[in-house]
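Please read these numbers as outputs of a predicted model, since none were measured by experiment. Chain identifiers are assigned alphabetically (A, B, ...) following the order of the sequence lines, protein sequences preceding nucleic acid strands; residue numbering begins at 1 within each chain.
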Amino acid sequence: MVDLMFEPLLQPIAIPLVAGLVCLLLPKTWQPARGWLTCAATAVTVMLVWPLFAGGSRTSENGLLRVDQLSGFIMLATAVFALLIAVYSLDYMRDRQGQRLYSGCLLWSLAFAGGALLAADLVLLVVCWGLLAATLYLMIGLSGPDASDAARKTFMIVGGSDTLLLLGTALLWAQHGSTRMDAAAVTLVSATDQLAFFCFAAAAFAKAGVMPLHSWLPDCGEKAHAPVTAFLPASLDKLLGIYLLMRMVTDLFVITDQINTMFMFFGSVTILGATMLALIQRNLKRLLGYCAVGQVGYILLGIGTATALGMAAALFHMLNHAIYKSCLFLGAGVVEEKAGTVDLDRLGGLATRLPLTFASFLIASLAVAGIPPFNGFASKWMIYQAVIDSGQSSGNLFWILSLAAAMMGSAFTLALLVKVLHSVFLCKPTPHIREKNIQKAAWPTALPILLLASLCVIFGIFANGIPLRFLVLPAIGQAVEFPGTWRAGRASGLLLIALVIGWIVYAFTLRNGKLRRVPTFIGGERLDEARIPGVPKGASRHVEVTGVDFYQTVEQLPVLKPLYVLASSKVFDIYDRIGKVTAWLSTLLRAAHRGVLPTYLGWFVLGLLGILYVIMEGTP
Amino acid sequence: MNEIGLVIIAMGVIFDLLGCIGMVRFPDVYNRLQAGTKCVTLGVCLILIGTMFMAQTTPTRIKALLCAIFILLTSPTAAHALARAARVTGIPLWEKSVVDQFEAERVQ
Amino acid sequence: MNNLVPLLVAIPLGVGFLIPLAVRWKPQMAELLSNLALFGLVLLSLSLIGNQTIYHMGGWPTPNGIDLRIDDLSTLMLLTINGLALIVGIYSVVAMQPYTSQHRYYSLLMFLVAGTNGVALTGDLFNLYVFMEITAIASYALVAFSGEDESFEASLKYVVLGGLSSSVILIGISLLYAVTGTLNMTHLASRMSEVGETAPVKFALALFFCGFGLKAALVPFHTWLPDAYPAAPAPISALLSGVVSKVIGVYVLARLLFNVFGINDDMLLLMRWMGGITMVAGGLLAVGQWDIKRLFAYSSISQVGLIVLALGFGTTWGVVGALYHLVNHATFKPLLFLCSGQIETAAGTRDLRQMRGLGRRLPITAGTCMVGSLALAGIPPLNGFWSKLIIVVVGIQTDHTAWAVTVVVMSIVALAYQLKVQQRAFYGTADAPMEKQLPVSESPVLISIPMIVLAIGCIALSLLALSGLEHPLLVGPAADVLMRGVWKP
Amino acid sequence: MNRFVLFILLLLFWVLLTWPTEFSTSYFQDLSIGTLVVCLVTWAMGGSSASARHWLQPQRYAWAFVYVFVLAAYVIKANVEVAYRVLHPAMPIRPGIVKIKTHLKSPSARTALCNSITLTPGTLAVDIHDDGTMMVHWIYVKSTDEHEAAEKIIGRFEWFIERIFE
Amino acid sequence: MSSPQETHGMSMIVKTVCVWVKGFILLYGIHIILYGHLTPGGGFAGGVIAAAAFVLVMLAEGEDAALKTYSRKAASTWDSLGVLLFWLMAVLGVVVAGIYFFNFWTTSESARLTLFSGGIIPLCNVGIGLKVCSSLYLVTFVLTAHRWHLDTEGKDDAP
Amino acid sequence: MPGTAFAVFSSVLLLCCALCLYRIGRGPTAPDRTVGIDILGTVVVGFCALLSLITAKDYLMNVALVWALVSFIGTLALAKYLERQQGNE
Amino acid sequence: MIYSLCFLLILIGLYGVLTRQNIIKIVISLLVIEYGIHLFLVLQGYRTGGTPPIVDSSIDKQLWLQQSVDPLPQALVLTSIVIGLGVLALMVALSMRIHERYGTFDIGKIKKLKG
Ligand code: NA
Ligand code: NA
């Protein structure tokens with residue numbers, strides 16, 4: 001028992017678990033104490049995880065827990081994110097309902113994530129996986145009355161995937177007699193093994209938000225509190241989903257080419273579909289949710305390449321994605337908190353009012369879009385490389401499509417983030433914003449955002465030096481060849497120089513007011529002379545391009561329009577589809593239960609006859 | 001004793017049969033009751049008396065006697081109750097009946 | 001010690017008849033006496049753990065007298081029955097206050113427990129029939145107890161279908177008696193192997209399938225259940241769903257098939273198909289419900305289907321899974337029914353469409369209900385997960401992967417309807433009229449304790465899994481009893 | 001029925017019921033329990049306050065004894081008559097309900113009368129009112145006049161029953 | 001409860017016959033109960049016959065007369081007491097001999113076949129008889145009483 | 001000799017029962033059926049007595065007695081039921 | 001021959017249960033089924049047991065005491081009748097309540113609970 005207590009693998013699970021319990025038990029009025037306890041517990045967890053991460057592979061005495069480079073790395077990331085979120089929540093949750101449950105769930109999520117990551121046994125993994133679904137459900141649910149639908153949907157998909165994980169585990173267990181993660185990898189020959197693989201894949205896809213199991217993510221992003229989304233769907237669930245996928249690919253199964261192609265296919269579809277859907281969103285958080293889905297596609301592409309480079313790229317992208325997407329969600333949280341809305345139509349001009357948030361948001365956005373020198377570019381670049389590389393070596397032409405999808409996805413992402421940046425921060429403040437007296441964000445809120453943004457920069461500039469070298473490549477465990485290396489440091493230096501020059505030019509020219517003012521032109525006409533229907537000539541006029549309006553045209557494009565129409569009627573939402581079919585079956589069955597006793601008696605006799613037939617005749 | 005018993009039982013059985021035939025043949029409830037009650041009561045009482053003669057033990061004889069008394073007491077009562085119920089319910093007499101002073105009185 | 005065995009039936013019967021007298025003295029005697037009796041029964045059942053005896057009523061030897069049989073399986077059943085009954089009895093103290101003639105309720109409850117205990121104990125086929133009928137009659141009356149139109153309708157349907165099934169069972173018993181000349185189950189088992197699989201035996205078997213299938217609510221004999229459970233008072237729904245239909249349906253069927261007839265492939269096939277269809281139909285029907293108790297009732301059907309399906313896999317481990325799930329179901333489904341009672345009291349309706357945001361006013365109900373829901377949906381680490389895991393693994397092991405997949409799919413469906421309840425009842429904010437109607441504070445202690453105990457049970461029963469998934473405490477030995485096969489004298 | 005009389009009759013009934021195949025000392029058990037039980041039943045079922053005087057007049061028993069034979073004769077006659085009507089192909093019946101009046105007062109007497117006429121030739125008591133008017137179903141109505149019918153139907157019994165019961 | 005006309009029972013003749021025979025029927029029922037171990041029948045059959053006596057009163061003399069003879073409360077009390085007697089006999093067996101329904105009050109072999117020879121069996125039969133008689137009476141009562149106020153009655157307590 | 005006689009008696013009584021059943025089934029009115037039931041009850045009493053002779057079983061005499069009782073009460077109940085039917089209409 | 005009578009009774013009852021619309025008739029049909037079963041059980045007793053397990057004066061008591069006759073079927077039937085009576089009483093009471101509330105005995109019209 002004492003040994004168990006000092007088991008280093010158990011501590012990072014036990015500490016947050018106990019702390020969570022304490023949080024739940026603390027009286028309602030002790031909120032500050034609870035907040036600080038959460039921070040402290042997560043910080044301690046980070047400290048406890050560090051030696052695990054640094055210490056290499058080991059297995060616990062009872063064989064139930066195990067850590068290696070991969071899980072250590074992800075575990076560390078998880079703990080760090082938890083710490084950041086805990087700090088952020090100090091202020092964010094101050095005046096909100098359900099703090100007690102929130103703190104408890106936050107810590108427990110960390111604990112269960114630790115359990116899932118450190119599990120050496122699939123059953124433990126399944127257990128923690130399901131518990132995470134439950135905490136996620138609770139955390140979304142406490143985000144207010146509107147969130148209940150999102151919570152239900154999330155739990156349906158994520159909890160349902162847990163059930164599939166159970167089936168997968170059971171299949172492996174029944175077929176191979178072991179639920180150890182480090183048992184011999186299963187070759188996908190028999191149908192049951194393939195079924196098991198697909199169960200695992202579905203679970204990982206659902207957790208990570210790969211299409212078509214993505215639909216909980218936008219809902220959740222829209223409805224849940226920003227830190228909740230930033231913590232669970234944006235970082236923790238991604239990390240776990242990808243972790244499971246990596247485990248499947250590296251330890252559990254022997255992957256075939258078809259599987260890889262399938263991964264790449266789903267990756268491409270996810271990239272394109274999610275970013276296109278994100279493009280037309282008007283809700284900032286929902287848009288970010290779709291965006292988050294899209295980024296998983298890249299990771300999947302990386303894994304699908306089945307090369308060490310691809311894996312490394314995927315892991316790196318996963319980390320990066322978690323960083324910048326958390327940053328974006330936390331930023332969105334600030335926006336929501338300060339502006340009282342996340343409706344893009346009602347936001348605007350926050351750049352001056354929330355400068356730090358804007359800066360972080362800008363960095364993270366550029367990172368998402370894959371603009372150098374930020375981290376997103378580094379990992380995406382690796383992914384492109386890996387796709388090209390593996391495609392050329394395998395001769396399967398699918399890689400071209402994938403690459404095209406990835407490129408297009410990047411373009412779309414850039415477009416949609418420009419849209420966001422424009423309509424939230426840059427465009428003219430809407431009346432709604434003008435009315436608000438917007439204060440700067442408090443330090444506990446600002447600190448994590450700034451930290452994450454700076455990570456975006458650091459991991460971008462020193463991609464080879466820090467994240468790849470210390471975090472990603474050890475986790476891959478094999479040598480990675482970089483065919484056409486992006487010299488991130490040098491390029492960044494050049495960019496920096498360019499920026500400095502640009503600033504100097506700006507400083508010496510523009511700031512002195514030596515500007516040539518020109519009339520506004522629209523469509524080749526001067527604005528104040530242009531004929532605008534409904535506006536009398538000479539009347540005061542100005543043009544507001546809110547960004548949203550601009551992208552409405554995208555919706556109307558002839559090829560995309562039908563797709564968007566279908567999407568808005570939830571045709572691509574697997575949750576909705578299956579729900580409809582189930583409801584239809586249920587209605588059918590209910591109609592058969594007419595409430596009339598003779599009918600039921602008739603069923604009784606029919607049943608009796610059926611049983612008689614089976615028993616008397618026997619079976620062949 | 002046995003022979004006497006047998007004869008009595010035979011008579012009883014015959015009366016039973018006659019009563020039942022009457023019950024089937026007669027045209028309305030009241031006549032059927034007449035046939036049924038009288039003949040079947042007597043028939044069964046005769047059977048019971050015959051049983052008294054033929055039974056081997058005293059308790060059985062006593063029971064047969066008690067049973068006969070009981071039947072004699074209750075059978076006409078039941079018939080009366082039935083007839084009254086039929087009449088109250090308004091079951092009409094046979095159409096060839098000559099008189100119905102019950103109905104006449106009720107009409108008054 | 002052994003002499004106390006029949007007390008398991010005698011105490012509740014005696015108390016049941018004593019209650020009408022005792023309430024003349026003091027009306028509170030009804031709940032007091034019945035809860036005391038139930039407490040005693042729990043202690044008695046606890047004392048039986050590990051016991052293996054055959055008790056001869058009146059001291060007659062096996063073929064002539066009536067046997068009571070204690071083995072690990074019946075002990076497991078007794079523990080479940082009496083434990084749950086005690087919880088329900090405590091809950092009833094407050095929950096049944098609004099009803100008139102409470103003492104009848106407690107009498108009937110006692111008869112229900114007596115009958116169910118008797119069924120779990122008896123080693124005589126006809127005696128089993130008698131106890132089953134006692135149970136059934138008490139449940140018919142309890143279903144009608146609330147005195148609403150629907151409860152009478154439900155009870156009538158239950159009574160007609162139940163009566164028909166009892167007749168069918170009695171025909172089966174008569175046939176067996178005609179063929180073998182004995183009704184003692186041990187004796188019967190040995191005679192059966194002498195007689196062999198003749199047509200009358202098979203016929204009787206089919207009749208048992210049908211009759212006990214109705215008691216267990218297997219499709220297509222399930223139609224009484226969705227009417228009866230919602231109509232009954234919440235504690236009774238809890239008891240009926242938790243143990244009664246399981247004991248007089250599933251337990252008896254398993255006993256007869258495994259220990260008396262001797263299991264064969266035809267029976268297993270039938271069990272798999274009946275159980276599987278029941279599971280699917282029940283789950284699908286539950287999804288479409290708006291009446292919270294009706295939803296839970298259909299979910300009960302689905303779960304019983306799962307149990308029978310697991311029995312139909314026919315291996316020891318399959319039986320372990322089935323029994324484990326049976327015990328688990330006896331924690332989370334009663335919990336859900338008790339919660340539904342609280343919800344109904346608070347909201348004044350059972351229609352999920354008309355509720356919203358009860359969670360804030362009923363935190364204990366919301367919390368415990370959540371635990372129950374997740375346990376039923378098989379979310380780890382709650383007890384439902386472990387039994388489902390076992391069942392799925394066994395399904396695959398025995399080459400019934402399709403059924404295993406179905407179990408998993410229905411698990412997701414279960415999650416769907418449980419989340420429907422959660423979302424509709426507890427999340428969101430109550431509208432103004434509902435808000436006004438809601439109680440200011442959570443229910444009294446005597447209501448909360450049973451729910452909390454059951455919720456803890458949902459968590460604690462997973463500890464059984466830790467004692468070894470292949471042979472958990474209590475459940476494993478009970479499964480062995482069935483798998484040891486036909487009884488030998 | 002008077003309680004004492006009831007007690008005696010019930011005790012008699014008990015003795016008849018428990019009549020053993022051969023008497024022995026153990027019969028005492030049955031008798032003592034019987035007395036106890038009979039007391040109980042008398043207490044439970046005894047009712048009216050009618051005096052026991054009637055039961056102590058021996059002439060009533062004598063008339064009753066005679067009446068049994070008279071009644072028996074009529075019963076047999078009645079049966080033969082009905083048998084005749086049943087078996088006759090033409091079914092010679094002439095039914096109807098006639099009204100008659102009896103001067104008997106006590107319920108027992110009236111009951112005895114009614115049962116008697118029900119058991120005897122062609123008549124069936126349908127109803128009796130408090131004033132003594134009776135409705136009688138007659139299988140072969142010989143007279144519709146109240147007095148004449150009364151004479152034909154009940155005249156032969158009324159006399160005996162009055163002596164036995166009133 | 002019910003209109004006076006309806007509690008009257010049946011015609012004078014039926015009433016009188018009822019008065020004559022009811023005591024004998026009850027006694028006969030008790031006889032069957034007490035001698036149940038020696039002759040066929042026993043508690044159940046005897047109970048039915050005893051109940052028949054009361055049911056006869058209810059039919060012929062009316063509900064009120066029946067209630068005067070055997071009140072509802074008395075019936076339900078005896079009902080419970082009957083069962084408890086039976087139950088007591090069963091459990092006493094444990095106390096005396098450690099076996100349920102142990103016939104702890106038997107006489108010698110030679111003294112069998114008399115009233116007291118049955119030991120506890122007659123007592124059990126008495127219990128059953130009380131139970132059967134009272135519940136049958138109550139059931140009949142409830143069923144007939146119910147029909148009478150079919151039109152006026154609203155909700156009654158549960159069955 | 002008694003054996004054949006009893007056989008004949010039994011068959012005749014069975015015939016009686018059949019006639020009663022005919023009346024019960026045929027009706028035409030409810031009181032008609034009730035008459036059939038009443039008479040059937042009485043006939044069965046005789047039959048029981050006869051059976052007790054044939055089989056030499058004492059207890060059948062008890063059955064006869066009980067049957068007479070039940071039949072009487074049943075008839076009264078039916079009669080009362082019929083009367084009340086009329087009263088409700 | 002008489003076994004087919006039991007069978008017939010059960011079938012008639014089953015037919016009645018399935019086809020009748022009136023609750024009371026359904027209840028009666030159930031009773032018929034039950035009687036069929038009871039008849040069958042009683043027949044079992046006569047087939048297997050020699051003398052009925054009943055003491056009466058026509059049997060040598062000492063002999064009877066030594067004999068171990070199978071009293072089961074009668075006991076079964078008796079118990080079964082008692083149980084049947086209980087169920088019957090319940091059914092009738094329920095039917096009456098239903099009639100009171102729904103104003104009908106027609107089972108086809110009693111369907112508030114469905115789906
Ligand atoms: Na259930
Ligand atoms: Na159930």
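- Here the closest heavy-atom approach between residue F/R23 and residue B/M23 is recorded as NE-O, 3.2 Å.
- The side-chain contact (heavy atoms from CB on, under 4.5 Å) test with B/V44 singles out one residue from F/V44, F/T42, F/L50, and that residue is F/T42.
- Only the side chain of B/I71 comes within less than 4.5 Å of a heavy atom of chain F; its backbone N, CA, C and O stay farther away.
- For the set B/V40, B/V24, B/D16, the entry with the most heavy-atom pairs within less than 4.5 Å of chain F is B/V24.
- For chain B, the nearby part of F/F72 is the side chain; its heavy atoms alone come within less than 4.5 Å.
- Contact of the F/L53 side chain with the B/I9 side chain is registered, since non-hydrogen atoms from C-beta on lie closer than 4.5 Å.
- Using a 4.5 Å cut-off between heavy atoms, F/S52 contacts chain B through its side chain alone, with no backbone atom that close.
- Of the two parts of F/L40, neither the backbone nor the side chain holds a non-hydrogen atom closer than 4.5 Å to a non-hydrogen atom of chain B.
- Note: B/I47 leads B/L46, B/D28, B/I47, B/I14 in heavy-atom pairs under 4.5 Å with chain F.
- In this structure, the portion of F/L76 lying under 4.5 Å from any heavy atom of chain B is its side chain and not its backbone.
- Here NZ of F/K80 is found 11.0 Å from CZ of B/R84. Values are rounded to the nearest 0.5 Å.
- Closest approach of F/A79 to B/A85, counting heavy atoms only: O-CB, 3.5 Å.
- Atom-to-atom distance recorded for B/S75:OG and F/I39:CD1 is 6.5 Å, nearest 0.5 angstrom.
- Most heavy-atom pairs under 4.5 Å with chain B, from the set F/V12, F/D32, F/T75: that is F/D32.
- Interatomic distance, CG of B/L82 versus CG of F/L82, reported as 7.0 Å (0.5 Å rounding).
- Using a 4.5 Å cut-off between heavy atoms, B/A68 does not touch chain F at all.
- Using a 4.5 Å cut-off between heavy atoms, B/I91 contacts chain F through its side chain alone, with no backbone atom that close.
- Within the 4.5 Å cutoff, side-chain heavy atoms of B/L48 are placed close to those of F/M61.
- When atom types are taken as modelled, the side chain of B/R32 and the backbone of F/V35 share no donor-acceptor pair closer than 3.5 angstrom.
- In this structure, the separation between OG1 on B/T60 and CG on F/L60 is 10.0 Å, given to the nearest 0.5 Å.
- Here F/L69 contributes atom CG and B/F70 contributes atom CZ; the two are 4.5 Å apart, rounded to the nearest 0.5 Å.
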